[in-house]
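Since the structure comes first, as structure tokens, the remarks are kept for the end.
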Amino acid sequence: MSPIILLSFLVIYFGVLLAVAHFTSKGSADNSTFFVANRNSKWYMVAFGMIGTALSGVTFISVPGAVGASNFSYFQFVLGNAVGFVIIAYVLLPLYYRMNLTSIYTYLEERFGHMTYKTGAAIFLVSRTIGSAFRLYLVAIVLQHFIFDAWNIPFAVTVIICLVLIWMYTNKGGLKTIIVTDTLQTTFLITAVILSIYFMAKGLDFGIVDTFEAVKESSYSKIFFWEDFVGSKANFWKQFLGGIFVTIAMTGLDQDLMQKNLSMGTIKEAQKNMITFTSVFVVINIFFLAVGALLYIYAEKNGIDISALATRDYLYPEIALNHLAILPAIIFMMGLTAATFATTDSALTALTTSYCIDFLNFNKKENPNDPVLVKKRNYVHFGFSVVMLLVILVFKLINNDSVVNAIFTAASYTYGPLLGLFAFGMLTKKAVNDKLVPYICVISPLLLFFLNTYVISVYTPYVIGLDLIIHNGLITFLLLLMTSPGQATEKALSHK
């Protein structure tokens, strides 16, 4: 596939996104538009657009690539995700709407105190920056390998180009723009997945029925792994429970996806959005796993040496860009770009929102839409783009693990304390020692890392997998309980 053709497609693609940004921000580009889209978003657009945000380029590349080693065991995790989304819809969203929040971490200030609030918001900023940088890194290395290496363009320049383009179409309209662009990008993503299956099936001389039978009968289609709870990361209960708590922490306690839910007029619309989103999310992940099985079947039939690839993450782009026709290659690039930029643009907006509300106190200003504050928000938005660039470059230097594992491992360590904080606030009537909370939230993941590395993995047969976030949250919860000064005030409990 010619790099010029792929680059031309990217130019056209971003031209469309910039046009959308121009029309959605026209006549209104204040902070209310940027942060919560004036709270008049349509639930069905948010539900559909959230698919692209939730899946990202990690799902698009790494999940199909991982099928060769782990079969369809990832679907156990997806089932846990679905339960987690339902809990978010009927436990967390009512709390956020009752308090009329813009930043969900404001709850921590009302329930516990100032230091706890700042700690929760800081955890999000660090966690989301790292997670989003990893996701963009994944696409950047693909773009670098298949497009920009042809002109010897440095990797740093590739990342800068990506971030500049994202900044350009999100800077004015913020969330209002993203809800529209994410809907467009999710359409591209789903279209790319379905057409990828079609073109690979065509290359294998399979009809529709033959394709599903081939996937079903393949050695890759095993979903449930009930054996070896202690020693296997693929065990159903580890994956399922990990999926529930990863979802609660990384979605329900994450400003990014919750910001979109809070942009709707009523709690009923937000809940309808979450349930609809969950249904589509489960189905589309089945398609991603099917793509994975077909990739390996296609590679085997056509003599493609998988062992020659630097990582299994390269399998999908390798086949799509070098072994199929021009149209499937363009469709793949469309889906990959849509998946990743839908995640990154949303993250940059959420990071900007959280910093402006939680650290610059925009919500406490007499006029949050003051032109001076709008200008300050623009600086913050640009600042997070620079931070993300630096994190991606650092990650490129140190990464030696598969991207999907790196993201969920990092997120489990960083989001765990956030899970413990919210659980303590909602499940107990106790206060916390507000000044100790920042230390507890640092000690908890460090303690878990030490125990996992030097005790559990050395002296026990138990292998921690995606259930890591559960242990992390539990340690935080117990440390908060041990240091609690007693019962919380009635005012604090009114926000429970």
Side-chain angles (χ1 to χ4, degrees), residues 1-2 5-6 9-10 12-13 48 51-52 54-68 70-72 74-75 78 135 138-139 141-143 145-147 184-218 220-221 280-304 306 309 311-343 403-404:
M1 168 57 66
S2 167
I5 294 175
L6 294 176
F9 161 75
L10 288 178
I12 295 170
Y13 181 83
F48 190 68
I51 298 297
L55 291 176
S56 82
V58 174
T59 308
F60 199 83
I61 292 182
S62 290
V63 169
V67 165
S70 57
N71 304 135
F72 281 15
Y74 181 74
F75 193 67
V78 172
R135 289 172 170 88
L138 177 62
V139 170
I141 60 175
V142 172
L143 295 177
H145 182 73
F146 290 99
I147 299 178
L184 181 66
Q185 293 186 120
T186 299
T187 302
F188 290 155
L189 168 64
I190 293 176
T191 301
V193 174
I194 294 173
L195 290 180
S196 291
I197 292 175
Y198 168 77
F199 283 115
M200 277 191 289
K202 186 177 179 182
L204 291 164
D205 294 321
F206 290 161
I208 296 177
V209 176
D210 297 329
T211 301
F212 285 100
E213 281 297 318
V215 171
K216 180 182 174 182
E217 299 300 324
S218 73
Y220 307 108
S221 63
V280 180
F281 177 85
V282 171
V283 172
I284 198 65
N285 270 286
I286 295 174
F287 279 95
F288 273 113
L289 291 168
V291 167
L294 285 173
L295 285 170
Y296 283 94
I297 294 170
Y298 188 94
E300 185 177 335
K301 183 176 179 180
N302 290 277
I304 298 172
I306 297 174
L309 300 175
T311 169
R312 296 286 177 96
D313 293 338
Y314 277 151
L315 179 59
Y316 194 179
E318 171 65 25
I319 290 177
L321 299 178
N322 291 334
H323 295 273
L324 297 177
I326 292 179
L327 182 58
I330 292 176
I331 288 168
F332 165 80
M333 190 58 69
M334 174 183 72
L336 176 63
T337 307
T340 300
F341 288 99
T343 302
V403 174
V404 67

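We use all heavy atoms of the structure for the numbers below, so side chains are in, but hydrogens, waters and symmetry mates are not. Numbering of residues begins at 1 and proceeds along the displayed sequence.
Residues forming a side-chain hydrogen bond (donor to acceptor under 3.5 Å, both in side chains) with Y296 (at least two apart in sequence, or on another chain): R312. In this structure, the ring pair (Phe, Tyr, Trp, His ring centres under 6.0 Å) partners of F332, at least two apart in sequence or on a different chain, are F60, Y316. By the side chain to side chain contact (heavy atoms under 4.5 Å, CB included) test, S218 pairs with Y220, S221, A293, I297, sequence neighbours left out. Take V282 and apply the side chain to side chain contact (heavy atoms under 4.5 Å, CB included) test, not counting sequence neighbours, and it matches F75, V78, A82.
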For E318 and L295, run side-chain contact (heavy atoms from CB on, under 4.5 Å): C-alpha distance rounded to whole Å, both residues' side-chain angles, the deciding distance at 0.1 Å, then the answer. CA-CA 10 Å; E318 171 65 25; L295 285 170; over 6 Å; no

Could you give me the CA-CA distance, side-chain angles and deciding distance for H323 and N302, then say whether side-chain contact (heavy atoms from CB on, under 4.5 Å) is met? CA-CA 9 Å; H323 295 273; N302 290 277; 5.8 Å; no

Decide side-chain contact (heavy atoms from CB on, under 4.5 Å) for V291 and F287; before the verdict, give the C-alpha distance in whole Å, the side-chain angles of both, and the deciding distance to 0.1 Å. CA-CA 6 Å; V291 167; F287 279 95; 5.6 Å; no

Test side-chain contact (heavy atoms from CB on, under 4.5 Å) on Y74 and V67 and set out the steps. CA-CA 8 Å; Y74 181 74; V67 165; over 6 Å; no

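One finds the CG atom of D210 at 10.5 Å from the CG atom of L204 (value rounded to the nearest 0.5 Å). Between the CG atom of L315 and the OG atom of S62 there is a distance of 11.0 Å, given to the nearest 0.5 Å. Summarising the geometry, atom CD1 belonging to I284 is positioned 11.0 Å from atom CG belonging to L289; distances are rounded to the nearest 0.5 Å. In this structure, the separation between CD1 on I208 and CD1 on I197 is 11.0 Å, given to the nearest 0.5 Å. Between atom CG of residue L321 and atom CD1 of residue I326 there is a gap of 11.5 Å, rounded to the nearest 0.5 Å.
K301 NZ: more than 12 foreign heavy atoms inside a 6.0 Å radius.
Two residues are said to be in side-chain contact when any heavy atoms from C-beta on lie closer than 4.5 Å; T211 and K202 fail this criterion.
Applying the ring pair (Phe, Tyr, Trp, His ring centres under 6.0 Å) test to residues at least two apart or on different chains, the pairs with a partner in residues 188-208 are Y13-F188.
Of all the heavy atoms in T191 and I331, the pair that sits closest is O-CG2, 4.5 Å.
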